[in-house]
2 protein chains.
Amino acid sequence: MSSVTPPLDAVVDEGRPLRRDAERNRRLILAAARQVFAQRGLHAGFDEIARVAGVGVGTVYRRFPDRGDLVDALFEEEIDAVVARVEAAAADPDPWAGLCDFVTWGVEAQAADRGLSQVLTAGGYGHDRIARGRARIEPAVAVLVSRAQSAGLLRADVSSLDIAIATATLSQIGGPDRADLRQRYVTLLLDGLAVSRDTPSPLPGVPPVDADLACLVEPARRGGSGPAEG
Amino acid sequence: MSSVTPPLDAVVDEGRPLRRDAERNRRLILAAARQVFAQRGLHAGFDEIARVAGVGVGTVYRRFPDRGDLVDALFEEEIDAVVARVEAAAADPDPWAGLCDFVTWGVEAQAADRGLSQVLTAGGYGHDRIARGRARIEPAVAVLVSRAQSAGLLRADVSSLDIAIATATLSQIGGPDRADLRQRYVTLLLDGLAVSRDTPSPLPGVPPVDADLACLVEPARRGGSGPAEG
DNA sequence: GGAGAAGTGGAGCTGTCTTTCCGTTTCGAG
DNA sequence: CTCGAAACGGAAAGACAGCTCCACTTCTCC
């Protein structure tokens, strides 16, 4: 307040005067964690993050004593991106196109980043920064939803959380590279969300093959469960 | 090949002359595994199955040397039940009602039994008995699907595997006791699958609350990830 | 009711993942 | 250049699940 705003504040807060090498490593760790969390989800071992970052595990633990710190640091801006995208969709002159755009994008964003999907759906991963970020998404989606409902295009009995749940659920289908497959179900969902229609929107992609079923649940582990291997 | 068909054959095969206590334990283990796999999925520890069955782990491993043996023994008849249900649905005089019935039931059956969901979707859990069982489902669903398509009620561009994937996906929503929630999305799916409709089928249940998002992905573990606890 | 095969249970081995600790290295102020 | 503090890395301790092994118990057949 008065004269003493101690420089220590800066250390505890954001603008930490970390030693140059420490700051460099911090960035390397964040970059590595972004990649590893996206691929493997938030359970990923600190070992792997350290290896990808090219630092020792000890360094990761010193900088981010618990996983929540790392999650907070990483996903705050990703959540900002989600909010921005919802708001952009809500600004689309065509309310229905805006909704379609957001659902399509949301499914892919979560499919491409398993960590994001976990942060958005499972409570209790990050700390306060994540909680605050999440709280900003739902109202934004609510705007998008009610606009499409007012226009008489989106059925009146869905809520913004229905959209969130459906979007998160569809993101679980297929691997990161199977956008084609997921978009079939996005299309079905959107056709189901429309108030009425005469004819189905054509499903994109090609019909799934037997192996496409497999990417839903966690696969059998290398243990006794005998992964048939082919 | 000639004269000696050792009585051991019987032991290795099906009609095993197990000792009375061993046969009793075998049944206890199967019952326990059915319950544990349904709740926790097929990764569940043999420890827990043993504890529920009231036997030692060693006993479980002796009787079912690998997880696939246990899965085979348990899920063959559950798959038969799925096939039976598809065939019953295909016999419904109303092709659309049959499809709705099967999707609704299939989602709940898989939601109530995580093990079943894994057996049906992830390849490589059981052994040959499971593989053979799975192979019987798809053709049966194909009948159901093409009947509804021929009647002009189901959109022509979905395949039976689309139905299987969508069904399995929706079963991941909510806990075992949230059939009300899942049926909202089943309704949306069916509305999306219809060739055309004028008005949306009303969504059952009540709109989800924030906490309902959480049951999609595996929750944070008790480790450093700081499950915010509330 | 006795002998021996069959079956049992759970202690403990193994491999995996998380976290801590401390001897060494690197930085940067003087 | 020198020195102290900060940071480093990775070995190893701890926690834990999957699986094995064998001293002991229980059954069955005679």
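Chain A is the first sequence line, chain B the second, and so forth, proteins listed ahead of strands; every chain is numbered from 1.
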Tell me whether the side-chain N/O atoms of [X] come closer than 4.0 Å to OP1 or OP2 in [N].
X	N	answer
B:N25	C:dT8	yes
B:R19	D:dT26	no
A:R67	C:dT18	yes
A:R62	C:dC21	no
A:T59	D:dG9	yes

Provide, to the nearest angstrom, the distance between the [atom1] atom belonging to [X] and the [atom2] atom belonging to [N].
X	N	atom1	atom2	answer
B:R51	D:dA17	CZ	C1'	13 Å
B:D47	C:dA11	CG	C1'	12 Å
B:R24	D:dT25	CZ	P	17 Å
B:I29	C:dG7	CD1	C1'	11 Å
A:Y61	D:dA12	OH	P	18 Å
A:F64	D:dA7	CZ	C1'	14 Å
B:F46	D:dT20	CZ	P	10 Å
A:L70	C:dT19	CG	P	12 Å

Before accepting this row, confirm whether a basic side-chain N of the pair [X]/[Y] lies closer than 4.0 Å to the acidic partner's carboxylate O.
X	Y	value
B:R85	B:D101	yes
B:E23	B:R26	yes
A:R178	A:D180	yes

Practice task
Using a heavy-atom cut-off of under 4.0 Å over every strand shown, decide if A:V57 touches base, sugar-phosphate, or nothing.
Solution key: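 The answer is base, as A:V57 lies within the cut-off (heavy atoms under 4.0 Å) of a base atom.
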Exercise for the section: For B:G45, report the nucleic acid contact type (base, sugar-phosphate, nothing); a contact means any heavy atom under 4.0 Å. Expected result: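 Sugar-phosphate only.
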Problem - salt bridge (charged side-chain N to carboxylate O under 4.0 Å, His left out) assessment of A:R67 paired with A:D69 - result: CA-CA 5 Å; A:R67 199 174 292 260; A:D69 297 331; over 6 Å; no
Practice task
For B:G58 and for B:D21, find the nucleotide of DNA chain D with the closest heavy atom, then tell me which residue's nucleotide is more 5'.
Solution key: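 Nearer the 5' end of the strand: B:G58.
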Practice task
Classify the angle between the aromatic ring planes of A:F46 and A:Y61 as parallel (below 30°), tilted (30 to 60°) or perpendicular (above 60°).
Solution key: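 Judged by the thresholds at 30° and 60°, the geometry between A:F46 and A:Y61 is tilted.
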